[in-house]
Structure formats: structure tokens, C-alpha cells
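The sequence lines fix the lettering, A, B, ..., with proteins before strands; numbering per chain opens at 1. Bear in mind that the values here come from a model prediction, so they are computed numbers and not experimental data.
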Amino acid sequence: MTLPRDFYDRPTLDVARELLGAVLVHRHGSVVTSGVIVEVEAYIGESDPACHAARGRTTRNAPLYGAPGLSYVYLNYGIHSLVNAVTESEGHPAAVLIRALAPLDGMAIMRRRRLREMKGRRTASGGQLDDASLCRGPGNLTMAMGITLEEHQLDLSGVRLFVEPGGMPVREIAWGPRIGIRVGTEQPWRGWIAGHPAVSAHQRSG
DNA sequence: CGTTCGATGCACT
DNA sequence: GTGCATCGAACGT
């Protein structure tokens, strides 16, 4: 079962909460990668200074104003593709950023992609990557899953990049300030599964 | 613990 | 030209 389009046509914080514990799946040819969503952030409307729509509609952020249930992928810092799910009805720009996954399928290729990206660089751990680290962080998870700008504007209820509910039981959800932004930090719009080892940025408890 | 820094692409000013 | 919804290493305290 795949979450339908109208799942995303709702208040963004509701969508964000219910994405926790669901499974993000990427089919790239015959290669399938997936993982349980354990960390998300909500970006809601033009009044949210951290939302890409904060300064009105542009060609870049137009998909945020469009149909809910599509992917919104953009390149950040010239290096990382970040993947969002567009939420709320047309004309209401909002999205949920997927920040971390607990890997399920394709862990071998995830590890290969992550290590290839780190090639040439010295690593403190000698190039070790435990399972919980494969998709920890929004840039790391897209690297591991092979999500690029080619996955921009895909139907999340389709067959290539989609979400299935019920990946794991969610005992406790914690909420706190969003990470890595310079404005809008007063809103507790980062949600994560309390205590999960794949959550990024040291804040795993609530 | 903390801050700083380089790598890198694109949209916007 | 500036500014990022990043990452990991390096170095200071």
C-alpha cells in the first residue's frame, strides 16, 4: 500500500507527524532502497521565514504552491540534494523535509554510495559506516538512496518514489527547533522518533 | 564540549 | 556576487 495523494492534502504538521514511522521507497531501475522515516521538518507558508516561499513565489519554489503529494528536491550548498514532500492544497506553499531514515532495503548499495562520496577524504573511523549512519541527515539519505534532482516533482503516490505506512511502531515523537536554519528557529517544527539511533544532530531524545 | 572551514551548484539580487 | 533547510574533519577551550 502506498500513501495516497490526499494524505498530503492536509495541515503540514499532521502530515509530518504521520510520516514518522512510514517507509520511503526509491526504485531506481532494478535497484530498490528504502528506510523508515525517523526525522522530519515542516516548512509552512510565506509567513515561515525558513520556508523557500518566505519571499513569495519564484520559479524555484513554485512547486511548493502546487499540488500536494509531489516531491520537491533541490540542491543545497552545491552538494546535497534535499527531498521534501509538498503538502497542503494548491496555493498554500508548504512541505515536509525528510531528514533521516532507518535503512531497510538496499543497505549494501547505500553503503557503497556513501563511501564513494567520501572517497579520497580521510575519515576518523577509517571509512566505517554503521547501519544507523547510512541515512542520518538529509544530505546523507539522498546520497544513500540515489535521490537527485531527477527525482524532483515526482508523484509520491507513484511507482518510483513513494511512501508506505506502518514501517515501525512509533512509541514517542519528540518536537524541537529546526536545524541548520538561521531564521524561524523559534518554531518546534522538527519532529523525530525519540531515542532512535538514526536521528541526526545529537538530539535523539525529547 | 565548541567553532571554523572547504567542497560545491544554483537561484536570486 | 551572495547565500544557503549540509557534512565531516580539524582545531581551540
(request) Assess A/Arg5 against A/Tyr8: is NZ or CZ under 6.0 Å from the centre of the six-membered ring, and within 45 degrees of the ring's axis? (result)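 Cation-pi check for A/Arg5 and A/Tyr8: fails.
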Which whole-number value in Å describes the distance from [X] [atom1] to [N] [atom2]?
X: A/Leu141; N: C/dA5; atom1: CG; atom2: P; result: 17 Å
X: A/Leu82; N: C/dC7; atom1: CG; atom2: P; result: 7 Å
X: A/Tyr74; N: B/dC12; atom1: OH; atom2: P; result: 13 Å
X: A/Arg190; N: C/dT6; atom1: CZ; atom2: C1'; result: 14 Å
X: A/Asn84; N: C/dT6; atom1: CG; atom2: C1'; result: 14 Å
X: A/Ile98; N: C/dT6; atom1: CD1; atom2: P; result: 15 Å
X: A/Asn61; N: B/dC10; atom1: CG; atom2: P; result: 18 Å
X: A/Arg99; N: C/dC7; atom1: CZ; atom2: P; result: 6 Å

(message) Distance check, C1' atoms only: B/dC10 and C/dG8, in whole angstrom units.
(response)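 Going atom to atom, C1' in each nucleotide, I get 23 Å.
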(request) Determine the interatomic distance between C1' on B/dG9 and the same-named atom on C/dA9; round to the nearest Å. (result)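 Result for the C1' pair: 22 Å, nearest Å.
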(request) Using the closest heavy atom to pick a nucleotide of DNA chain B for each, name whichever of A/Thr59 or A/Asn76 lands nearer the 5' end. (result)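 Residue closer to the 5' terminus by nearest nucleotide: A/Asn76.
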(message) Nearest heavy atom decides the nucleotide; on that basis, is A/His80 or A/Leu149 closer to the 5' end of DNA chain B?
(response)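 Taking each residue's closest nucleotide, the earlier one in sequence belongs to A/His80.
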What does [X] touch in the nucleic acid at a heavy-atom separation under 4.0 angstrom: a base, only the sugar-phosphate, or nothing?
X: A/Arg55; answer: nothing
X: A/Arg178; answer: nothing
X: A/Gly78; answer: base
X: A/Asn140; answer: sugar-phosphate

(request) State which of C/dC7, B/dA7, C/dA5 makes the closest approach to the side chain of A/Ile181. (result)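 The nucleotide sitting nearest to the side chain is C/dA5.
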(request) Compare the minimum distances between each of B/dT8, C/dC7, C/dA5 and the side chain of A/Ile79, then state the nucleotide with the smallest one. (result)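 So the side chain of A/Ile79 is nearest to B/dT8.
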Can a donor-acceptor pair be found, under 3.5 Å and without considering hydrogens, that links the side chain of [X] to the backbone of [Y]?
X: A/Arg114; Y: A/Leu134; value: yes
X: A/His80; Y: A/Leu82; value: no
X: A/Ser157; Y: A/Leu3; value: yes

(message) Is a donor from one side chain sitting under 3.5 angstrom from an acceptor on the other, for A/Gln187 and A/Tyr43?
(response)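 No.
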(request) Verify the stacking flag for A/Tyr43 against C/dA5: centroid separation must be under 5.5 angstrom and the ring planes must differ by under 30 degrees. (result)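 Yes, the aromatic ring of A/Tyr43 stacks with the base.
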(request) Consider only side-chain heavy atoms of I, L, V, M, F, W and Y, link residues closer than 4.5 Å, and tell whether A/Leu149 and A/Met145 are in one cluster. (result)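 Cluster IDs for A/Leu149 and A/Met145 match.
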(message) With a 4.5 Å cut-off on side-chain heavy-atom distances among I, L, V, M, F, W and Y, is there a chain of contacts connecting A/Leu129 to A/Met143?
(response)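 Hydrophobic grouping puts A/Leu129 apart from A/Met143.
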(request) Have a look at A/Met110 and tell me which of A/Asn140, A/Thr33, A/Asp105 forms a side chain to side chain contact (heavy atoms under 4.5 Å, CB included) with it. (result)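 Testing each of A/Asn140, A/Thr33, A/Asp105 against A/Met110, the sole residue satisfying side chain to side chain contact (heavy atoms under 4.5 Å, CB included) is A/Thr33.
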(request) Let me have DNA chain C in dot-bracket notation, would you? Count Watson-Crick plus G-U wobble pairs, both distances under 3.5 Å, and use [ ] for pairs crossing earlier ones and | for inter-strand partners. (result) ||||.|||||||.
(request) Determine: side-chain N/O of A/Arg114 to OP1/OP2 of C/dG8, distance under 4.0 Å, yes or no. (result)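 Yes.
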